[in-house]
Amino acid sequence: MRYGEKLSKRIKDTNSRLCVGLDPRPDLSGGMEKIPDLLKQVVDETWEYAAAFKPNMAYFEAMGLRGLEMLEEMLGNMPKEVPIILDAKRSDIGETQKYYAKSYFENWNVDAVTLNPFLGYDTMEPFLDWEGKAIYVLAVTSNPGSADFQRQMVGDRYVFELVQDICRRAHEEGRKTDVGMVVGLTNASDDVLSRIDDYPLLIPGLGAQGGDLENMAGKGRTAPDTINVSRGIMYKDMEKSFGEKAKFWAEQIAASYPA
Ligand SMILES: O=C(O)c1cc(=O)[nH]c(=O)n1[C@@H]1O[C@H](COP(=O)(O)O)[C@@H](O)[C@H]1O
């Protein structure tokens, strides 16, 4: 089964496009030793509303070796039917990327990873022949600085449209790996979305970053797009359970962008 099929099935089964972001912060959680139980609780309470989970490497790396162990332990105990997108945003020459691909797709066996496409197509290639896997390339990120490069024009096209060419090329070449894009909800204007093809989108920026779900309404897309909430579930409204918050966001998303 291709990644896109697995994610589409999960979105249909749960009626949810919510991607639950797993970004643990020891300073806000009573210390590093509390993190493994916290992650278990978040996963246990939210998985029924989750189209996907997205752990971000930065938060685990910041805890040192123990953080990587926590990530590995968590990955080993995740529900198998929920795709895992490892947010790594890696970028290097092809030879080095081979080892990132091996690390994520073979060692940790995650379903998808985020990659930075700045170094070009050949640096994506080590990720493109993995059955059932996917990459999401950064196209229009959710931060203001996405205007610095990504939304600049080269000739008559935006830079993010050149990024999209990576998806088109991989698709035309019939690669085993699915290729989607990251498009931040905060910058998902009509001008941007009208230029984005029907490839799977990872859409962060809902909740803490204030992205507007109306941006995604009525766009006629059929790809298994998933919308990420991290802090809005793990670190907001702590009087509510993680499950309640995940349900809330899944319903908010469905109201504007039905599964
Ligand atoms: O690739 C990402 O997931 C990502 C891309 C982007 O453009 N903006 C963005 O916020 N992210 C990540 O998505 C998550 C957003 O977290 P919250 O703002 O707490 O919901 C973090 O892990 C970010 O690193």
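Both ligands and their constituent atoms are indexed starting at 1 by order of listing.
Inclusion of Asp23 in the set of residues having an N or O under 3.5 Å from an N or O of ligand 1 is warranted. For ligand 1, none of its N or O atoms has an N or O atom of Arg25 under 3.5 Å away. Below 3.5 Å of separation, one finds no N or O of Thr114 facing any N or O of ligand 1.
Under 4.0 Å is where a charged nitrogen must lie from a carboxylate oxygen, and between Arg151 and Asp191 no such pair does. Of the charged side-chain nitrogens involved, at least one lies within less than 4.0 Å of a carboxylate oxygen, so that Glu125 and Arg175 count as a salt-bridged pair.
The nearest heavy-atom contact from the protein to atom 23 (C) of ligand 1 is Asn56 ND2, 4.0 Å. Residue, atom and distance of the protein heavy atom nearest to atom 5 (C) of ligand 1 are Pro204 CG, 3.5 Å. Here the protein heavy atom with the shortest distance to atom 10 (O) of ligand 1 is Gln209 NE2, 2.8 Å. What sits closest to atom 13 (O) of ligand 1 on the protein, heavy atoms only, is Lys54 NZ, 3.2 Å.
Distances from ligand 1 to the non-hydrogen atoms of Met234 include no value under 4.0 Å.
For ligand 1 and Arg231, the ligand atoms under 4.0 Å from any heavy atom of the residue are 17 (P), 18 (O), 19 (O), 20 (O). For ligand 1, the atoms lying closer than 4.0 Å to a non-hydrogen atom of Ser142 are 6 (C), 7 (O), 8 (N), 9 (C), 10 (O). With ligand atoms numbered from 1 in the order given, ligand 1 contributes 7 (O) to contacts under 4.0 Å with heavy atoms of Thr141.
Within the cation-pi definition used here (under 6.0 Å to the ring centroid, within 45° of the axis), Arg169 qualifies as a partner of Tyr121.
Side-chain contact annotation: Tyr59 with Arg25, donor-acceptor N/O pair under 3.5 Å present.
Side chain of Thr96 to backbone of Asp92: no donor-acceptor contact under 3.5 angstrom is found.
Under the side-chain contact (heavy atoms from CB on, under 4.5 Å) test applied with Leu18, the options Asn228, Ile11, Val229 reduce to a single match, Val229.
In Ser230, the parts holding a heavy atom less than 4.0 Å from any atom of ligand 1 are both the side chain and the backbone. Residue contacts with ligand 1 for Asn228 involve side-chain atoms from C-beta outward but no N, CA, C or O (heavy atoms, distance under 4.0 Å).
Closest approach of Pro224 and Leu7 over heavy atoms only: O-CD2, 3.3 Å. Contact between Lys219 and Leu193 at its shortest, heavy atoms only, is CE-CD1, 3.8 Å.
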Steps toward salt bridge (charged side-chain N to carboxylate O under 4.0 Å, His left out) verdict (Glu73, Arg66): CA-CA 10 Å; Glu73 284 159 17; Arg66 182 69 193 111; 3.3 Å; yes
